[in-house]
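Fair warning: this is a prediction, and the values are worked out from it, not measured in the lab. Residue numbers begin at 1 in each chain, while the letters A, B, ... track the order of the sequences. Quick note: numbers below take in every heavy atom, side chains included, and nothing from hydrogens, waters or symmetry partners.
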Amino acid sequence: MSQQPVIDPALAEATSASPIVNRFSIVAATVNGSGSQTSNTAIIRALFRMGIPVSGKNLFPSNIQGLPTWFTIRVNEDGCVAREDSAELLIGINPETFLQDVAEVPPGGVCFYPDHFTEGLDRTDVVYYPMPVQQLLRELDPPKELREYIANMVYVGVVAEILGIELPEIREALLTHFQGKAKAVDSNMAMVEAAAAWARSSLVKRDRYRVERIDKTAGMILVDGNTAAALGAIYGGVGFAAWYPITPASSLAEALQDYLPRLRRMPESGKATYAVVQAEDELAAIGMAVGAGWMGARAMTSTSGPGVSLMAEFAGLAFFAEIPIVVWDVQRMGPSTGLPTRTSQGDLMFVRYLGHGDTKHVILLPGSPRECFEFGWKAFDLAERLQTPVFVLTDLDIGMNLWMSEPFDYPEEPMDRGKVLTAADLERLGTFARYRDVDGDGIPYRTLPGNEHPLSAHLVRGTGHDENAFYTERPDAWERNMERLWRKMETARGHVPGPIIDSTPGAEIGLIYFGSTDLAVREARQTLAGEGIPTSGLRLRAVPFQEEVEAFIEAHRQVFVIEMNTDGQMRQLLQVEFPRQAARLQSLRKNDGLPLTASWIVAGLRHRSE
Amino acid sequence: MSQQPVIDPALAEATSASPIVNRFSIVAATVNGSGSQTSNTAIIRALFRMGIPVSGKNLFPSNIQGLPTWFTIRVNEDGCVAREDSAELLIGINPETFLQDVAEVPPGGVCFYPDHFTEGLDRTDVVYYPMPVQQLLRELDPPKELREYIANMVYVGVVAEILGIELPEIREALLTHFQGKAKAVDSNMAMVEAAAAWARSSLVKRDRYRVERIDKTAGMILVDGNTAAALGAIYGGVGFAAWYPITPASSLAEALQDYLPRLRRMPESGKATYAVVQAEDELAAIGMAVGAGWMGARAMTSTSGPGVSLMAEFAGLAFFAEIPIVVWDVQRMGPSTGLPTRTSQGDLMFVRYLGHGDTKHVILLPGSPRECFEFGWKAFDLAERLQTPVFVLTDLDIGMNLWMSEPFDYPEEPMDRGKVLTAADLERLGTFARYRDVDGDGIPYRTLPGNEHPLSAHLVRGTGHDENAFYTERPDAWERNMERLWRKMETARGHVPGPIIDSTPGAEIGLIYFGSTDLAVREARQTLAGEGIPTSGLRLRAVPFQEEVEAFIEAHRQVFVIEMNTDGQMRQLLQVEFPRQAARLQSLRKNDGLPLTASWIVAGLRHRSE
Amino acid sequence: MSVTTESQATARTGLNRIGLSKNDYRGRPTTLCQGCGHNSISSQIVAAAFEMDLMPEQIVKLSGIGCSSKSPAYFLNRSHGFNSLHGRMPTVATGALVANRALLGIAVSGDGDTASIGLGHFMHFLRRNVPMVYIVENNGVYGLTKGQFSATADRGQKIKRQGENPFLPIDICQLAVNMNCGFVARSFAGDPRQVKELLKAALSFRGTALLDIISPCVTFNNRDESTKSYTWGKTHQAPLHDVTLVPRREEIHIEYEPGQATLVELHDGTFLSLRKLREDYDPTDREAARRLLSEARSRQELVTGLLYVNPDQPSLQETMGQVERPLTMLSESELRPDRASLDQIMQEMR
Amino acid sequence: MSVTTESQATARTGLNRIGLSKNDYRGRPTTLCQGCGHNSISSQIVAAAFEMDLMPEQIVKLSGIGCSSKSPAYFLNRSHGFNSLHGRMPTVATGALVANRALLGIAVSGDGDTASIGLGHFMHFLRRNVPMVYIVENNGVYGLTKGQFSATADRGQKIKRQGENPFLPIDICQLAVNMNCGFVARSFAGDPRQVKELLKAALSFRGTALLDIISPCVTFNNRDESTKSYTWGKTHQAPLHDVTLVPRREEIHIEYEPGQATLVELHDGTFLSLRKLREDYDPTDREAARRLLSEARSRQELVTGLLYVNPDQPSLQETMGQVERPLTMLSESELRPDRASLDQIMQEMR
Ligand SMILES: Cc1ncc(C[n+]2csc(CCOP(=O)(O)OP(=O)(O)O)c2C)c(N)n1
Ligand SMILES: Cc1ncc(C[n+]2csc(CCOP(=O)(O)OP(=O)(O)O)c2C)c(N)n1
Ligand code: SF4
Ligand code: SF4
Ligand SMILES: [Mg+2]
Ligand SMILES: [Mg+2]
């Protein structure tokens with residue numbers, strides 16, 4: 001450890017100061033396709049199992065192998081686990097970015113590095129820990145094909161030793177990761193233990209950061225939103241799913257393919273009670289979903305921006321022909337192909353009006369994997385109740401990153417299959433018209449193909465139709481139908497999930513936000529409260545909005561709409577829906593592809609709050 | 001004429017009263033695919049050539065042959081030729097709809113009918129004129145294949161005789177229609193004259209309606225917007241056009257195909273200086289246009305609602321990669337396939353945000369065929385100046401109906417090809433970056449493929465890029481680029497056509513409108529002025545808007561946004577752009593597939609003006 | 001044969017074996033042009049369904065957009081149907097028939113709908129082998145948009161507004177053979193009997209059954225020299241064989257000299273009898289079908305009949321191992337896994 | 001042959017006939033996986049362009065979206081290019097090359113890009129015969145989205161996450177032959193020399209030249225038993241012939257026994273020499289190509305080489321009667337008709 005520079009007094013002072021326990025971020029700077037994901041998930045899951053609140057955010061490039069990747073784990077006793085602007089601890093094993101990575105370590109921070117690195121080791125305000133990766137590999141000599149992966153276990157062992165992560169929990173974490181495959185776990189653990197042992201004997205702890213077992217994650221789970229969404233759909237009784245691969249949505253459909261065979265086969269025959277089709281493109285994916293939704297199956301598709309653009313025509317058809325389908329849009333950065341591996345909330349305005357000619361859609365906005373699960377099944381209830389496409393907008397951050405979560409609640413209510421008439425109903429009623437507004441709520445009754453009652457059959461169409469689904473060009477028929485659809489959208493307000501409001505008595509500032517920014521906003525509000533700037537928060541969970549939203553805006557002197565897109569799209573939607581409030585809405589937005597940080601929100605509000 | 005009922009005193013009185021000259025509407029109720037178009041255009045063009053302001057609106061079904069069609073001609077000395085709610089004169093030759101058609105004739109009105117009809121002839125407050133169609137056919141005995149067409153000439157002759165339309169002008173009109181083919185003209189004129197002669201000898205004029213030659217159309221033309229748009233594009237130097245057939249846009253591309261060979265071939269070689277490709281679908285059509293626009297040709301495509309939906313992904317690419325193209329959307333009634341042969345202004349909101357992830361577009365809104373021609377060439381200047389797609393939104397009414405118009409002005413300004421750097425420029429500058437904001441207006445410079453200077457080449461992409469068009473995921477690079485695009489959209493405000501404002505001193509009511517409703521709004525404002533309700537008018541001609549628009553809103557106590565869609569989309573766009581005015585905008589909208597009438601606007605404003 | 005007996009059976013009563021009259025299979029009055037080939041195909045669909053004693057309620061009709069795609073409104077009023085989007089019918093059909101495999105799908109498309117905007121979906125539909133009767137009413141033009149060339153228009157073909165078509169036509173059957181479709185037939189709207197018999201065969205086939213039917217557009221593409229016109233069809237049709245569906249239940253002695261007919265057994269036990277009308281042709285030989293089609297093309301011959309048949313390919317639903325019951329008929333308890341299973345998963349996520 | 005002489009010519013100087021070094025044809029460093037077949041194809045594009053003395057500035061690169069479609073960034077830095085949308089490259093290419101017919105188009109696509117989402121555009125592109133080298137880097141998977149099956153994956157093929165593929169593959173060459181493409185070749189990224197020679201041939205061809213190149217995805221689909229793997233390719237490749245482009249300017253005596261080689265003359269006067277390596281095969285016979293491909297498929301054989309060639313088909317620009325000059329080079333006076341012509345039209349509208 002010759003390269004180790006003399007430690008400057010500042011650092012000495014800093015490091016000798018009281019330890020910082022369970023309150024820091026650590027980033028692993030690696031190369032993608034090198035298997036470092038295993039190491040990173042082992043660390044985060046072990047910390048989580050030690051009872052410490054965590055989050056893991058993977059910043060990866062849009063390619064498959066060989067480019068820089070950063071995996072950041074934040075641990076925080078108080079559960080503040082939104083992304084932070086910088087990480088105090090660096091695991092720097094990517095030579096390409098090492099100098100840059102080291103430069104970004106805050107003073108007093110820590111740097112773990114492979115001991116064959118020779119540059120970037122000269123910061124005097126950072127504690128360096130070398131890791132003898134090559135040596136340990138030589139000693140352990142794992143099978144050639146595993147070498148690269150095992151090598152990544154070195155930093156797991158060293159970091160565990162220095163920070164105090166319990167090795168048994170690392171083993172548990174690996175067990176989870178390898179779905180119990182002992183052999184894989186053992187070969188990896190061997191290196192973890194070797195590295196830890198080496199660190200124990202060869203390194204002196206000189207930094208302030210430590211972890212300690214606490215009890216803040218009891219009963220909780222660690223999960224990504226795409227998996228949660230897939231499970232939600234499965235427990236919502238999904239019958240048909242069609243998809244086309246696209247980052248960051250692919251893992252949603254793939255989670256369906258992983259869990260469905262296990263959860264949804266006939267006990268005796270082992271036959272599937274579902275169908276998942278990988279379509280030739282997104283037009284086909286949504287088209288298939290529309291076909292299945294028309295038949296009466298719970299049908300869905302999942303995609304991201306470019307796919308949504310291709311779904312516009314079918315979205316309009318489903319809205320107008322009133323076919324229930326669920327469309328997941330795991331948002332990535334746009335316009336166009338944009339940044340496939342960066343997060344954003346930029347599809348809002350487009351999806352709301354997706355389809356030419358007065359088309360409008362119901363949108364759900366889950367704020368966490370847990371809500372992804374909940375909306376996963378509720379979306380089907382809503383789609384079938386309202387007989388319209390329901391779009392669920394998440395983003396890469398919720399969809400693909402690891403979130404700590406309360407376990408999912410098993411759906412208590414029975415499924416709401418909406419206004420479907422059986423042959424018996426038709427017999428009883430003696431009359432039926434597909435698009436008649438019987439109940440005055442704009443929602444007509446429908447019959448499903450296969451219903452053999454003579455009154456049942458009709459020809460569904462995207463062309464202008466009368467109550468009986470017959471084609472007509474009559475002006476009055478057209479207007480009546482559009483007025484009914486308008487009524488239906490009003491009815492939707494009462495069915496979609498309402499906002500989550502957290503009002504602070506006396507607060508004059510109101511924050512309106514939605515989706516993945518939840519943790520950051522909550523943390524920011526704590527900080528601001530600490531600074532004597534109390535705020536109220538309203539997290540939107542769906543479009544169209546309810547009156548409470550307008551009331552909230554009226555109730556506050558200053559109202560900020562916080563979002564991650566360039567145009568301030570949620571603010572625009574609020575301006576459209578609440579003209580009387582339009583002038584009072586201020587926009588606080590950032591759209592750089594990274595999850596929002598509390599500190600950015602705080603800074604923004606600090607100088608704009610009057 | 002036995003069926004002729006005794007005339008009731010009311011009618012006698014009415015008809016004996018002073019004649020109504022050059023001030024009525026006449027509707028021909030026929031069957032489509034039966035060639036009645038020739039007859040109708042002959043009548044309207046003859047009236048027009050007699051110096052009388054006219055308009056012709058064709059209400060046709062979405063099929064090819066055998067269904068009811070109504071062609072309404074309005075003649076009005078003062079040039080008020082917007083659609084009227086009802087026509088005083090009926091040419092009822094479609095047995096299927098005759099009863100209904102007769103019922104809709106206002107008291108004192110007139111009905112021409114084939115003398116073999118036996119029902120619907122009992123209204124005592126309508127003047128009936130029978131027409132011996134079969135007899136005249138027998139006498140003239142035209143060639144079998146022409147029979148049906150010639151039969152339709154009977155009503156031309158009879159109506160001409162009764163109303164006083166000059167036969168020589170009918171001949172002229174037919175000459176225009178048949179592009180000078182004397183033979184076709186003669187065979188048709190023969191029947192026109194025979195029918196006129198018969199009427200002269202056998203009918204007594206008992207109604208009040210007449211036409212008289214005046215001089216209100218001198219130098220004017222009669223044209224549809226799609227033809228005008230095509231000519232505008234041709235005189236704008238269109239190099240490449242791709243399209244896919246769709247009503248009501250097809251005739252735009254077909255007009256290109258009709259006129260280009262005549263106007264744009266090399267004198268010597270006869271080779272084409274343009275290319276028009278019928279694509280396999282709309283995705284391909286816009287994709288081809290993007291390819292050609294990238295190369296530096298003036299590229300366009302034309303479509304309607306469903307096609308626009310399919311163009312979303314490419315629209316986003318062109319916006320983000322900054323490729324100049326022009327997209328014509330001849331709007332029809334939506335959502336979905338909707339009513340292909342009915343008019344609407346329903347694509348506004350969708351087109352403005354066409355494309356996922358913070359995409360925005362420049363939209364032009366011509367209000368007449370004349371502006372279709374003007375914007376036809378200006379759109380290319382704008383697209384190349386701004387390096388972005390320019391959408392031109394018309395509708396079926398402007399696009400396919402016959403409008404009276406001042407002749408088109410030859411473009412005086414030279415073409416604006418925008419910021420294109422030649423090899424010489426690059427040599428002089430010594431540096432080039434495709435997406436650098438050199439001038440601070442957000443518009444970068446571009447080089448075209450084929451430019452052989454070493455600095456010229458770059459790889460255009462829809463993925464995130466830096467100033468040099470290289471792929472990058474850097475947050476700052478992304479933000480910088482999006483800020484520049486935002487700046488560019490601000491720059492666009494200064495380039496797009498501004499609103500046409502007609503302020504009435506002291507008027508407290510302001511009317512904001514756009515597109516095909518121009519004539520109806522103007523007529524309505526005259527009527528209201530007459531009733532002591534003065535109004536100011538602002539006709540929007542583009543999105544984004546200019547400050548004048550906000551000033552106009554502020555300047556009026558009550559502001560109505562008049563439009564033909566269900567959601568009040570223009571009002572929504574104004575709410576988004578002018579939050580301080582949002583609450584003050586009232587919506588006056590109708591969307592039943594028919595062109596707006598002045599009387600509907602008047603009625604709406606009468607009881608809503610405070 | 002079966003036809004004769006059918007008609008005998010129904011002659012007396014006017015009702016078929018399930019007690020329905022032909023009227024029960026009709027649709028609304030057509031709004032297509034008089035003489036449009038599509039109308040005659042609609043009538044044959046009605047006739048075939050009637051004669052096969054199908055329950056209209058167990059049929060679903062599908063189509064895209066076009067004159068052809070309108071026709072589901074003009075047959076089988078008692079069947080549910082979906083007049084979907086231009087070129088996208090195959091996608092809607094896939095979702096629909098996977099969701100409810102008990103229903104019998106009859107789809108009508110046009111040459112523009114299938115060979116232009118919908119070409120990709122069409123081919124992927126065939127690749128998945130979704131059980132359905134897929135009818136292309138092929139007239140070489142876009143009828144509903146007033147007569148532009150479609151991708152099946154022959155090179156050199158002329159139409160009013162657009163003049164002469166410079167491109168080679170897409171051969172829908174050739175593509176189907178290529179995509180390994182198990183039932184590839186070509187017919188001509190001017191030969192109603194063949195259309196009907198091929199329809200019956202297709203309706204008994206399990207898997208995608210493609211019928212490419214030349215269906216003249218009398219308004220925009222019926223000039224005698226057009227390969228999609230009635231005249232051309234009548235003068236150039238070369239039927240391969242006499243197709244007859246032989247339902248199991250009937251004991252019929254088919255008396256041919258050996259080699260005069262091919263018999264193909266379908267999964268429901270019915271037989272297809274193909275009595276040869278011309279040179280020896282084996283419709284179970286894919287290569288032969290390929291060759292025949294390209295020869296016919298160069299010979300400018302309208303070869304009609306069942307060009308290729310192979311009943312032994314798994315349908316999409318089989319490929320995916322779906323339950324026999326329609327997915328749409330499953331009960332809530334079959335659709336929603338139990339509480340314990342969720343707890344288990346939550347455990348695994350600790 | 002030409003190769004040898006080329007290399008001789010360049011050996012000394014390191015420059016080609018237009019004075020450029022190989023470096024002038026390179027691109028940016030690849031970000032694809034080490035060993036990805038796409039990378040080796042990129043190098044052959046560089047080599048071919050260099051050895052053919054092409055001016056990089058007269059080439060345009062086009063692609064869709066995918067690992068393959070990224071590769072235009074990794075060759076020909078001095079050429080303009082467009083990395084467009086997934087599956088839509090053929091449409092952008094059509095507009096681009098019609099607008100500027102003077103440029104030489106090289107397009108790279110993937111099997112997902114071309115055979116899944118882009119299938120319809122691909123086929124219509126071929127139908128129009130747009131002059132361009134169309135390379136499909138075929139690996140049977142979606143690489144960039146982490147290894148799902150594409151439509152060219154063989155039935156029974158296995159990959160990690162999705163298990164076994166139940167569907168038959170789409171044969172891109174078979175489709176191209178069907179669409180009457182005038183230049184249909186198949187190759188293997190593991191055979192760089194053949195790839196290069198076929199590229200040269202394609203670059204000299206006027207019309208759409210399709211190259212379906214098996215290009216293994218080492219990360220997601222390189223198991224030995226995969227028909228898209230290096231091992232399988234190496235063990236199953238069956239080259240039809242030895243392809244060499246013989247530029248006019250060189251006087252070369254090709255010494256074969258008669259019948260040992262086929263010579264095809266291209267429009268620029270260069271010759272393609274195809275020295276037979278196996279049973280007599282005539283690449284100008286479409287039927288033969290059809291047969292060969294379907295036999296190869298059943299034989300599970302990777303037949304490579306120029307499967308079909310027919311230089312005598314009009315290009316789209318010729319079909320449309322365009323001026324020889326690029327439309328993009330026309331002057332304002334050539335683009336805007338004169339004032340009188342507008343007056344005339346206004347007259348006609350009275
Ligand atoms: C996305 C879209 N593009 C274009 C149209 C307009 N359109 C309606 S029918 C049709 C073509 C119909 O041709 P074909 O499928 O051959 O049917 P046919 O009318 O000839 O029977 C087109 C282009 C549409 N409805 N939707
Ligand atoms: C409209 C759209 N859908 C999906 C995607 C996601 N996507 C990117 S590349 C790709 C497939 C690439 O496969 P292939 O064309 O075979 O190229 P490879 O990566 O295998 O070389 C997909 C589906 C996209 N970019 N755009
Ligand atoms: S236009 Fe042609 S295809 Fe359409 S209905 Fe008429 S005849 Fe048939
Ligand atoms: S993932 Fe496959 S296709 Fe993509 S770069 Fe890597 S090896 Fe090549
Ligand atoms: Mg057709
Ligand atoms: Mg691939």
Side-chain angles (χ1 to χ4, degrees), chain B residues 49 176 220-223 231 234-237 239-240 242 259 263-264 266 269-275 277 279-281 283-284 287-299 313-314 317 407-408 410-411 414-415 447-452 454 456-463 470-471, chain D residues 28 31 55-58 60-62 65 70 72-73 76-85 88-100 102-103 120-121 123-124 127-128 316-317 320-324 326-330 332 334-337 339 341-343 345-346 348-350:
Chain B
R49 298 176 60 89
T176 311
M220 291 191 139
I221 60 170
L222 208 53
V223 65
L231 287 170
I234 293 171
Y235 283 85
F240 181 89
Y259 280 101
L263 295 168
R264 288 278 302 278
M266 281 297 183
S269 67
K271 291 284 182 72
T273 61
Y274 60 87
V277 178
E280 59 270 30
D281 60 25
L283 292 101
M288 292 175 186
V290 166
W294 163 53
M295 278 285 150
R298 295 200 139 182
E313 193 189 14
F314 260 117
L317 171 68
F408 307 150
Y410 190 79
M415 296 181 187
T447 56
L448 304 178
N451 177 333
E452 298 185 354
S456 168
H458 55 273
L459 186 62
V460 174
R461 52 175 75 250
T463 42
F470 293 142
Y471 179 71
Chain D
R28 316 194 72 206
T31 63
M55 262 198 66
E57 290 78 8
Q58 287 172 350
V60 275
K61 307 175 290 183
L62 295 125
I65 296 287
K70 281 182 175 188
L76 298 176
N77 263 344
R78 288 170 53 168
S79 307
H80 277 262
F82 201 143
N83 176 188
S84 68
L85 293 178
R88 315 295 168 197
M89 175 275 287
T91 68
V92 175
T94 302
L97 296 169
V98 163
N100 187 339
L103 298 176
H121 299 311
M123 297 183 59
H124 284 278
R127 182 163 179 262
R128 298 188 179 99
L316 178 59
Q317 295 89 334
M320 296 194 297
Q322 271 178 242
V323 284
E324 272 62 22
L327 299 178
T328 53
M329 302 288 176
L330 299 173
E332 178 155 346
E334 290 168 311
L335 289 172
R336 174 170 286 167
R339 200 177 288 271
S341 65
L342 183 59
D343 298 340
I345 292 168
M346 292 300 98
E348 296 163 3
M349 291 180 169
R350 305 243 40 254

Check each atom of [X] against the heavy atoms of chain B and say whether the ones under 4.5 Å are side chain, backbone, both or neither.
| X | result |
| --- | --- |
| Ala73(D) | both |
| Met123(D) | neither |
| Gln58(D) | side chain |
| Arg78(D) | backbone |
| Ser341(D) | both |
| Glu324(D) | side chain |
| Leu330(D) | side chain |
| Val323(D) | both |

Using a 3.5 Å distance criterion without hydrogens, assess whether the side chain of Glu332(D) forms a donor-acceptor pair with backbone atoms of Met415(B).
yes
Can a donor-acceptor pair be found, under 3.5 Å and without considering hydrogens, that links the side chain of Arg264(B) to the backbone of Leu335(D)?
yes
Verdict with supporting geometry, Phe408(B) and Ile345(D), side-chain contact (heavy atoms from CB on, under 4.5 Å)
CA-CA 10 Å; Phe408(B) 307 150; Ile345(D) 292 168; over 6 Å; no
With a 4.5 Å cut-off on heavy-atom pairs, point out which of [options] contacts chain B the most.
| options | result |
| --- | --- |
| Asp343(D), Thr94(D), Leu62(D), Leu342(D) | Leu342(D) |
| Asn83(D), Leu85(D), Thr328(D) | Leu85(D) |
| Met329(D), Met320(D), Arg128(D), Glu57(D) | Arg128(D) |
| Gln322(D), His124(D), Arg339(D), Met346(D) | Arg339(D) |
| Arg28(D), Met89(D), Lys70(D) | Arg28(D) |

What closest approach, in Å, do [X] and [Y] show between heavy atoms, and which atom pair accounts for it?
| X | Y | result |
| --- | --- | --- |
| Arg350(D) | Thr176(B) | O-OG1, 4.2 Å |
| Ala457(B) | Asn77(D) | CB-O, 3.7 Å |
| Tyr274(B) | Leu327(D) | N-CD2, 3.8 Å |
| Pro449(B) | Val60(D) | CB-CG1, 3.8 Å |
| Ile234(B) | Pro337(D) | O-CD, 3.6 Å |
| Arg336(D) | Gly236(B) | NH2-CA, 4.1 Å |

Side chain, backbone, both or neither: which part of [X] has a non-hydrogen atom closer than 4.5 Å to chain D?
| X | answer |
| --- | --- |
| Leu231(B) | side chain |
| Arg461(B) | both |
| Leu317(B) | side chain |
| Ala289(B) | neither |

Applying side-chain contact (heavy atoms from CB on, under 4.5 Å), run through His121(D) and Asp281(B) and close with a yes or a no.
CA-CA 9 Å; His121(D) 299 311; Asp281(B) 60 25; 3.4 Å; yes
With respect to chain D, which residue among [options] yields the maximal number of heavy-atom pairs within a distance under 4.5 Å?
| options | value |
| --- | --- |
| Val460(B), Thr463(B), Leu448(B) | Val460(B) |
| Tyr471(B), Phe240(B), Phe470(B) | Phe470(B) |
| Gly237(B), Ala299(B), Ala242(B) | Gly237(B) |
| Met266(B), Met295(B), Met220(B), Arg49(B) | Met295(B) |
| Gly270(B), Pro414(B), Ala297(B) | Pro414(B) |
| Pro454(B), Gly293(B), Ala279(B) | Ala279(B) |

Over-ring placement of Arg88(D) relative to Phe314(B), 6.0 Å and 45° cut-offs:
no
Spacing of Glu452(B) atom CD and Ser79(D) atom OG [to the nearest 0.5 Å]
10.5 Å
